[in-house]
There are 2 protein chains.
Amino acid sequence: MIGERISDKTGRSRRDAGPTATVEDVARLAGVSRATASRVVNDSPRVSPEARDAVRRAIEELGYVPNRAARSLMTRRSDSIGVVILEPATRLFGDPFFGHLLLGINAGLADSDVQLVLLMAQDRREEARVEKYLDAGHVDGAILVGPHGDDQLPTRLARRRVPIVLSGRPLGGGGLSYVDSDNRNGARMAVSHLVAGGRRSIATIHGTLDLGSARDRLDGYRDALTDAGYVLDATLEAAGNYSPAMAAEAMRVLLDRHPDLDGLFAASDSMAAAAVGVLLDAGRRIPEDVAVVGFDDTPVAMTVRPTLSTVRQPIEAMGREMSRLLLRRIDDPADAPSQVVFATELVVRESSVVS
Amino acid sequence: MIGERISDKTGRSRRDAGPTATVEDVARLAGVSRATASRVVNDSPRVSPEARDAVRRAIEELGYVPNRAARSLMTRRSDSIGVVILEPATRLFGDPFFGHLLLGINAGLADSDVQLVLLMAQDRREEARVEKYLDAGHVDGAILVGPHGDDQLPTRLARRRVPIVLSGRPLGGGGLSYVDSDNRNGARMAVSHLVAGGRRSIATIHGTLDLGSARDRLDGYRDALTDAGYVLDATLEAAGNYSPAMAAEAMRVLLDRHPDLDGLFAASDSMAAAAVGVLLDAGRRIPEDVAVVGFDDTPVAMTVRPTLSTVRQPIEAMGREMSRLLLRRIDDPADAPSQVVFATELVVRESSVVS
DNA sequence: CTGAAAGCGCTAACAA
DNA sequence: TTGTTAGCGCTTTCAG
């Protein structure tokens with residue numbers, strides 16, 4: 001029932017030229033059976049060198065590429081993973097963080113021929129859609145970026161045995177795999193640096209507190225002050241929620257409450273930059289009157305004047321690690337969840353030291 | 001040969017719980033044939049209301065979700081499109097442009113159950129890999145972001161009948177579908193605005209000239225000067241290649257060549273921001289001494305002091321349109337290529353007008 | 001080491 | 001309108 005056919009049938013598809021050779025074609029040309037051809041394609045060791053060579057040549061000649069759908073149907077693997085962005089649009093816009101992370105994730109996939117399916121969920125409705133998609137097993141696993149405190153999605157997926165890795169420590173459930181940077185220590189270093197510079201009234205603009213990173217950075221801020229024997233003052237803390245606009249407003253409030261403040265730690269560079277704008281507008285000199293440290297070491301830190309001292313996290317490496325963990329977990333579902341925390345590093349520029 | 005089986009066989013897969021009902025299961029439960037069940041799933045009109053209801057109930061009860069691989073195998077459609085980022089890492093990092101664009105593209109796919117496969121190619125080797133992937137027909141079509149002047153990838157793919165849509169006017173071949181903004185007119189408006197403000201010596205920092213956008217913005221700059229009867233001066237043009245660092249260097253060169261320059265048009269906000277830094281460092285007041293206009297209206301425009309006048313392009317809408325065009329082309333390969341150009345808009349802030 | 005055969009889950013002729 | 005049947009291209013027992 002097969003007979004004459006190679007790369008052509010009656011009304012095959014819209015693609016006229018494209019490589020549509022099948023294993024069948026390859027096998028015939030190589031003078032072996034489908035099974036053997038398939039074995040060669042999948043690097044099975046149980047193939048004689050001669051057969052292997054013949055098949056390889058046939059593959060080359062026909063420009064054969066396996067049909068992923070057919071393979072998936074058989075292997076029950078999609079050879080793709082989902083990267084789910086749970087963050088609302090606003091953050092994605094301003095923050096180069098996500099681009100960096102995607103790059104790292106992609107790099108981590110590079111020698112595995114697993115594809116990256118991008119799934120964005122701006123609201124609960126879209127999130128439900130994404131959940132259904134993941135649940136249906138259309139991807140072999142997923143990396144979840146930015147789940148907030150009250151979001152049960154990770155837990156639900158984990159319970160249904162969907163392999164997942166989170167970006168950032170989840171506030172809720174334990175037992176999940178995640179990759180994070182040492183936000184707390186990064187913040188501690190930043191604020192200790194301000195203390196060491198002789199600053200006495202150090203404020204902070206923190207991120208959305210239902211995010212682990214935001215909470216950890218705030219804790220680090222408090223750690224440093226406590227270490228230095230300062231008394232914590234809640235009125236020196238204001239929410240900027242990782243938004244430049246809200247950070248600007250927060251800065252105004254802080255300045256109003258503490259006209260004498262002489263140090264500021266902002267939980268992101270974009271918030272720091274916005275705060276710097278407000279400080280300059282208010283006639284403060286930076287760093288003479290107010291020393292400022294941000295977080296992330298994004299390009300804006302170098303663009304703004306004065307250039308921004310900040311805390312660097314190895315975003316790309318983190319993305320790569322997330323891929324690595326997920327692939328491992330997909331390969332071996334019994335693999336225990338792992339948590340990986342990357343070190344952060346203080347980068348001192350103009351905004352925090354009087355030269 | 002089927003017999004007893006519903007959602008369970010011997011060693012099915014790693015997923016223990018998940019919804020693994022098949023059309024077969026649905027059909028049996030609904031008391032109809034596989035074909036009818038399939039018809040209901042695919043909204044075929046040739047189904048009686050009763051059958052439809054029964055099948056719908058069964059689907060609901062079993063939590064049935066079609067297996068994409070099996071469907072693809074049959075329909076020869078992957079129900080996914082590739083979004084190829086040809087840009088080197090550096091741009092992705094700083095520029096919120098890509099995040100915006102992805103968001104738009106994704107939104108354009110929202111009610112089509114087509115998935116977005118992200119493919120990044122940082123160099124020629126990776127580009128070859130991506131090309132092979134697209135060529136193999138693993139996706140139904142692709143959106144190409146950032147192909148540079150000498151890149152033959154779009155042409156090659158088009159020749160092989162892979163449906164594609166480009167982001168930005170390609171410099172090379174005609175006859176390709178693309179979505180762009182009116183860069184030239186945007187730039188012209190920006191520079192005319194500087195002229196109207198009485199600026200006499202207006203410089204520009206342009207992007208990588210093997211990019212249509214960069215060339216168009218440079219042309220728009222020249223248009224405006226010519227319109228105003230100014231004499232073009234090549235020494236007032238410097239390359240920033242969309243990189244803040246190179247833009248800073250370009251600004252230094254320009255300042256050196258023309259200490260009296262009183263206007264600047266930068267082809268991106270990030271370059272404008274970097275240039276502003278250099279100008280401030282050089283003791284120039286903005287806008288009193290030098291008026292500055294950027295391009296893109298990214299968040300940095302609001303963050304920097306003074307806030308940046310800029311040209312806004314509807315990035316998200318552009319992304320949505322790209323999806324729309326691609327889906328249309330996939331549906332009907334005979335559909336002629338279309339070019340869509342979105343209007344740009346001048347946004348005036350502090351950096352260009354003395355208040 | 002190799003081949004024959006079975007069948008993954010689905011859709012699409014073709015009949016009825 | 002519905003059911004029957006034939007595969008899509010691939011991997012994988014199971015014999016040989």
Side-chain angles (χ1 to χ4, degrees), chain A residues 1-3 5-7 9-13 15 19-28 30-55 59 62 64-79 136-138, chain B residues 1-3 5-13 15 18-28 30-55 59 62 64-79 136-138:
Chain A
M1 95 297 199
I2 288 290
R5 151 159 100 60
I6 181 165
S7 285
K9 291 191 57 179
T10 338
R12 197 170 66 268
S13 92
R15 200 73 54 81
T20 317
T22 72
V23 263
E24 181 79 39
D25 300 328
V26 171
R28 186 158 347 98
V32 300
S33 73
R34 277 221 303 277
T36 300
S38 175
R39 287 191 188 102
V40 174
V41 172
N42 294 291
D43 291 319
S44 159
R46 318 180 146 287
V47 183
S48 69
E50 305 83 60
R52 189 188 318 283
D53 283 359
V55 172
I59 289 176
L62 296 172
Y64 169 75
V65 181
N67 178 318
R68 286 177 93 102
R71 174 179 283 175
S72 287
L73 191 53
M74 201 55 210
T75 60
R76 298 174 164 287
R77 286 272 200 104
S78 68
D79 287 326
H138 292 320
Chain B
M1 98 294 198
I2 289 286
R5 150 160 100 57
I6 182 163
S7 285
D8 212 317
K9 291 193 59 182
T10 339
R12 196 171 68 267
S13 93
R15 201 73 55 81
T20 317
T22 70
V23 263
E24 182 79 40
D25 299 330
V26 172
R28 186 159 346 99
V32 300
S33 72
R34 275 220 306 277
T36 301
S38 176
R39 288 189 187 102
V40 173
V41 172
N42 295 290
D43 291 318
S44 158
R46 317 179 146 288
V47 183
S48 70
E50 306 83 60
R52 190 189 317 283
D53 284 359
V55 172
I59 288 176
L62 296 171
Y64 168 75
V65 181
N67 178 318
R68 287 178 91 105
R71 173 179 284 175
S72 288
L73 193 53
M74 201 54 213
T75 59
R76 299 173 163 286
R77 284 273 199 107
S78 67
D79 286 329
H138 292 320

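Below, read A as the first sequence line, B as the second, and so on, with proteins coming before strands; counting in each chain starts at 1.
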Using modelled atom types and a 3.5 Å cut-off, is there a donor and acceptor pairing between side-chain atoms of [X] and backbone atoms of [Y]?
X	Y	answer
A:Arg52	A:Val47	yes
A:Asp53	A:Glu50	no
A:Ser72	A:Arg68	yes

State, yes or no, whether a side-chain contact exists between A:His138 and B:Val65 at a heavy-atom distance under 4.5 Å. yes

Should A:Asn42 and A:Arg71 count as side-chain neighbours, where that means a heavy-atom distance under 4.5 Å? yes

Given atom [atom1] of [X] and atom [atom2] of [N], what is their separation to the nearest angstrom?
X	N	atom1	atom2	answer
B:Met74	C:dC8	CE	P	16 Å
B:Glu50	D:dG3	CD	C1'	16 Å
B:Leu73	D:dG7	CG	C1'	9 Å
B:Glu24	C:dC10	CD	P	9 Å
B:Arg46	D:dT1	CZ	P	7 Å
A:Arg39	D:dT12	CZ	P	10 Å
A:Asn42	D:dT13	CG	C1'	15 Å
A:Arg76	D:dT11	CZ	C1'	12 Å

When the nearest nucleotide of DNA chain C is assigned to B:Arg68 and to A:Val32 on a heavy-atom basis, which residue is associated with the more 5' position? A:Val32

Taking the side chain of [X] as its heavy atoms from C-beta onward, which of [options] lies nearest to it?
X	options	result
B:Val47	D:dT2, D:dC10, C:dT11	D:dT2
A:Ala35	C:dG3, D:dC10, D:dT2	C:dG3
A:Arg34	D:dG3, C:dG9, C:dA6	C:dA6

On DNA chain D, nearest-nucleotide positions of A:Thr75 versus B:Arg52: which is more 5'? B:Arg52

Checking all strands, does B:Ala51 fall into the base, sugar-phosphate, or nothing category for heavy-atom contacts under 4.0 angstrom? sugar-phosphate

Would you indicate what A:Ser48 reaches in the nucleic acid, counting non-hydrogen atoms under 4.0 angstrom: base, sugar-phosphate, or nothing? sugar-phosphate

Would you indicate, yes or no, if C:dG9 has its OP1 or OP2 atom less than 4.0 angstrom from a side-chain nitrogen or oxygen of B:Thr22? no

Phosphate OP1/OP2 of C:dC1 contacted by A:Thr36 side-chain N/O (<4.0 Å): no

